[in-house]
Number of protein chains: 2
Amino acid sequence: MVKVSIKDIAKLSGVSAATVSRTLSKPSLVSKSTRKKVMKAVDETGYKPNRFGASLRTQKSNNVVVVMPDITNQVNAAIIRAIENEATKAGYSVLLGDTQNNIERDSYYGDMVTSGQADGILVFTPRIPFTINKDKPLREQLPPMVNSCEEIDSEYVHKVVIDNQLGAVKAMQHLLELGHTKIAAVKGPSMTPSTKARLDGYKQALIEAGIEVDNRFIITGDYGPESGFQAMEKLLRLKERPTAVFCFSDDMAIGAMNALREYDYDVPGDVSVIGFDDITYASLMSPKLTTIRQPLDQMGTQCMQILLKLMNGNKDVEKYVELPTELIVRQSTGPLVS
Amino acid sequence: MVKVSIKDIAKLSGVSAATVSRTLSKPSLVSKSTRKKVMKAVDETGYKPNRFGASLRTQKSNNVVVVMPDITNQVNAAIIRAIENEATKAGYSVLLGDTQNNIERDSYYGDMVTSGQADGILVFTPRIPFTINKDKPLREQLPPMVNSCEEIDSEYVHKVVIDNQLGAVKAMQHLLELGHTKIAAVKGPSMTPSTKARLDGYKQALIEAGIEVDNRFIITGDYGPESGFQAMEKLLRLKERPTAVFCFSDDMAIGAMNALREYDYDVPGDVSVIGFDDITYASLMSPKLTTIRQPLDQMGTQCMQILLKLMNGNKDVEKYVELPTELIVRQSTGPLVS
DNA sequence: CTGAAAGCGCTTACAG
DNA sequence: CTGAAAGCGCTTACAG
């Protein structure tokens, strides 16, 4: 690969580098005839302007970093696809920051903004991924940044969220309406804000229905299918078993259904299962999974749109966008059989 | 966010920019006392070297682009996670190139290498994603590049592959051994090399077993679940129905199983279904999906390792790495019931 | 062990 | 409409 620079094109077409640059980025400033000469040289050589040269000069990278715990996760994958789509439209490239749930890797990606390698950052973990000087106000230290999925605990951060607590209440109301009273919860890691909020919703719904919260019915998983399987095994060992299980992710619900099948329980005949997310595979399970849908596509799109505004120095950008969840009733939940 | 440059650190610590640079990248060249002064200023300001400045000077971006048809796909997601992992270890960042099956977007990502924005490229589509000058030998025009999943038709391209044809033969042999003779194929898009090879394997196995290839038994999908569903519907309309279906992806197999359930067929009682890939959800289906496993993790890791060598200007790098597939027998296939 | 200087590839205000 | 010049932030060969 032979690298060709703006100077080569300038020489080849007999104009200055400045004119080459103008031809490529602001062609209206250049006469038709020189434009033609320049474009000929560009086409012949396959010249592409070096973005680092341009970025160094303009102080803009046209990159965006996305920090996510795990790209393999369907929820994250759906969101990032929407982001990528929106970013490309606006001329931005996406730097992938898969932290693999490794907190130290947060700052590795966060530094990309600090070091000018990216103009903005999208954060799907509950932490600000760069070092903050505690002596100075946070507001002044924040680059263009939007947070989603797991809320960062700061009012200065722009967010696109769903009402996790309300989503959980919807799931519970569905199970309660079906007559269930012994309803277990398979939650995510205790420190995740999404799990905290959904657990609040779980408890709120029970209390409002006049049902006491039974801590043996609350099992902790890690949002992955295997942990849902194990959580379900624990619940099945209980002397008094739940008749319905609210899993805080579809993956855990899928794992739970696998455990139930393994031990010959019928879903929803013996136990109803409801998930959270509505990933593609939810509707491909047997029985098809009832769940609370998150508008993943919209979340990604909105995040990127807000970030775009922030990077453009736009004033009055939405600080807090809340998107609706929706109960999707399928086959994995059914009336209590007594 | 206040940007701080190397000059600021130089001034703050009373040394030259050169010394600051050395302190950060080759500390052994600097005396302990100046090192301390410099690091103090660095820590106080939170200075991170601007990578564009460095890249422009060193002519290295430390970026790698990954061109993939769809990041939402579990196969791609698993591969990219492995890539990201390997890349980060070596100090490279990953630029995500999700083409969304849009051929024009290929070159958008390919140009990132041409324009110096990335030092190498990983291509999971069957096309070289940048313009090639047909008058010059291809070899001289290729940047560090590794291809996988969908083979590019050129011997100059470094590849990490599986033997798709052999994988298909394994799937077919399994079905044949179970006594099936009426075996349908749900293939991917006709122009994809993976589908061509797997179709060859399908036909080869049939012919070797003395069974005639029946074109009504070959349905084209797009590797996604919905297309598997529709393909199965078509097969069920046939007067003489297949008793087993070999789907060229797990997603299509999952779709096919959904169609079978929808129309009250038992899997594998009425129809056996086998997939290809072994994505996470394959073993979470009911019945659990029998499939041909691709070593996705290994594929990603190997791709990146080879690219790393290529970018380091390493000589004698593997041109062609073939990884093994494996038949994973689970519950969706069973003996022919007559 | 350290500094001054050059230069990577671009863009843009300025002058004509 | 075009060119010469400066400068973005870094690194490194050279000199001391």
Side-chain angles (χ1 to χ4, degrees), chain A residues 1-39 41-42 45-63 91 111-119, chain B residues 1-39 41-42 45-63 91 111-119:
Chain A
M1 253 205 345
V2 194
K3 294 272 176 187
V4 19
S5 84
I6 198 166
K7 282 187 197 159
D8 300 319
I9 302 298
K11 209 173 293 170
L12 254 162
S13 49
V15 299
S16 71
T19 299
V20 175
S21 174
R22 286 190 201 103
T23 307
L24 261 19
S25 47
K26 299 189 186 92
S28 63
L29 297 182
V30 179
S31 82
K32 208 171 159 186
S33 64
T34 43
R35 229 186 295 167
K36 221 155 82 185
K37 280 189 294 187
V38 172
M39 288 317 293
V42 168
T45 54
Y47 167 69
K48 299 284 168 195
N50 179 310
R51 267 225 341 224
F52 294 143
S55 289
L56 195 55
R57 170 67 221 231
T58 60
Q59 301 287 29
K60 263 203 87 200
S61 68
N62 288 303
N63 284 151
D111 286 347
M112 289 183 175
V113 190
T114 325
S115 71
Q117 203 187 150
D119 302 327
Chain B
M1 251 200 354
V2 194
K3 294 271 177 190
V4 19
S5 86
I6 198 168
K7 282 188 199 159
D8 300 320
I9 303 298
K11 208 174 293 170
L12 253 162
S13 50
V15 300
S16 73
T19 298
V20 174
S21 175
R22 286 191 202 101
T23 307
L24 260 18
S25 47
K26 299 188 185 93
S28 64
L29 296 182
V30 178
S31 81
K32 206 169 159 190
S33 64
T34 44
R35 228 186 296 166
K36 221 155 84 185
K37 278 189 295 186
V38 173
M39 290 316 294
V42 168
T45 55
Y47 168 69
K48 299 284 167 195
N50 178 312
R51 268 224 342 225
F52 294 142
S55 289
L56 194 56
R57 171 66 222 233
T58 58
Q59 300 289 25
K60 263 202 87 201
S61 69
N62 288 304
N63 284 149
D111 287 346
M112 289 182 175
V113 191
T114 325
S115 70
Q117 203 186 150
D119 302 328

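Below, chain A is the first sequence line, B the second, and so on; all start at residue 1.
Contact annotation: A/Gln59 does not reach the phosphate of D/dG7 (side-chain N/O to OP1 or OP2, under 4.0 Å). For D/dG3, one of the phosphate oxygens OP1 or OP2 lies less than 4.0 angstrom from a side-chain nitrogen or oxygen of A/Ser16. Here A/Thr34 reaches the OP1 or OP2 of D/dT2: one of its side-chain N or O atoms lies under 4.0 Å away. Contact between the side-chain N/O atoms of B/Lys7 and the OP1/OP2 oxygens of D/dC10 is not found at any separation under 4.0 Å.
Among the atoms of the strands shown, base atoms are found under 4.0 Å from some heavy atom of B/Ala18. Backbone-only engagement by B/Lys26 is indicated by non-hydrogen atom pairs under 4.0 Å involving sugar-phosphate atoms exclusively.
Spacing of P atoms, D/dA6 relative to D/dT2, comes out at 23 Å, to the nearest Å. Only the P atoms considered, C/dG9 is 23 Å distant from C/dA13, to the nearest whole Å. Taking atom C1' in both D/dT12 and D/dG16, one finds a spacing of 16 Å when rounded to whole Å.
Comparing B/Ser33 and A/Ser5, the nucleotide of DNA chain C nearest to each residue sits closer to the 5' end for B/Ser33. Taking for each of B/Gly53 and A/Thr19 the nucleotide of DNA chain D with the nearest heavy atom, the 5'-most of the two is the partner of A/Thr19. Mapping B/Val30 and B/Thr58 onto DNA chain C via the closest heavy atom, the residue that lands nearer the 5' end is B/Val30.
Taken from OG1 in B/Thr23 to NZ in B/Lys36, the straight-line distance is 13.5 Å, to the nearest 0.5 Å. The line from CG of B/Asn63 to CZ of A/Arg51 is 9.5 Å long, rounded to the nearest 0.5 Å. To the nearest 0.5 angstrom, A/Gln59 atom CD is 9.5 Å from B/Phe52 atom CZ. To the nearest 0.5 Å, the span separating CD1 on B/Ile9 from CG on B/Leu24 amounts to 8.5 Å. Taken from CZ in B/Arg57 to OG in B/Ser55, the straight-line distance is 12.5 Å, to the nearest 0.5 Å.
Although no hydrogens or angles enter the test, the distance criterion places no donor-acceptor pair under 3.5 Å between the side chain of B/Ser13 and the main chain of B/Lys37.
One interatomic measurement links the two molecules: CG of B/Asn62 to P of D/dC10, which rounds to 15 Å at whole-angstrom precision. Rounded to whole angstrom, the span from the CZ atom of A/Arg57 across to the C1' atom of D/dA6 amounts to 8 Å. Across the protein-nucleic acid pair, B/Leu56 atom CG and D/dC8 atom C1' stand 9 Å apart, rounded to whole Å. D/dT11 atom P lies 14 Å from atom CZ of B/Phe52, rounded to whole Å. The separation between B/Asp8 atom CG and D/dC8 atom C1' is 13 Å, rounded to whole Å. Atom CG of A/Leu24 is separated from atom P of C/dC10 by 9 Å (rounded to the nearest Å). Straight-line distance from the CG atom of A/Leu29 to the C1' atom of C/dC14: 14 Å, rounded to whole Å. Atom CG in B/Asn50 sits about 6 Å away from atom C1' in D/dG9, given to the nearest Å.
In the interface, the side chain of B/Arg22 is paired with the base of C/dG3 through a donor and an acceptor atom under 3.5 Å apart.
Within the 4.5 Å cutoff, no side-chain heavy atoms of B/Val42 are placed close to those of B/Lys48.
Taking the side chain of B/Val15 as heavy atoms from C-beta on, and the options D/dT11, C/dG3, C/dC10, the nearest nucleotide is C/dG3. The side chain of A/Ser31 sits closest to D/dC1 out of D/dC1, D/dT11, D/dG3.
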Per-residue pairing states of DNA chain D in dot-bracket (Watson-Crick or G-U under 3.5 Å; . unpaired, | other strand) read |||.||||||||.|||
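Counting only residues at least two apart or in different chains, salt bridge (Lys or Arg N to Asp or Glu O under 4.0 Å) contacts with residues 6-31 of chain B are absent.
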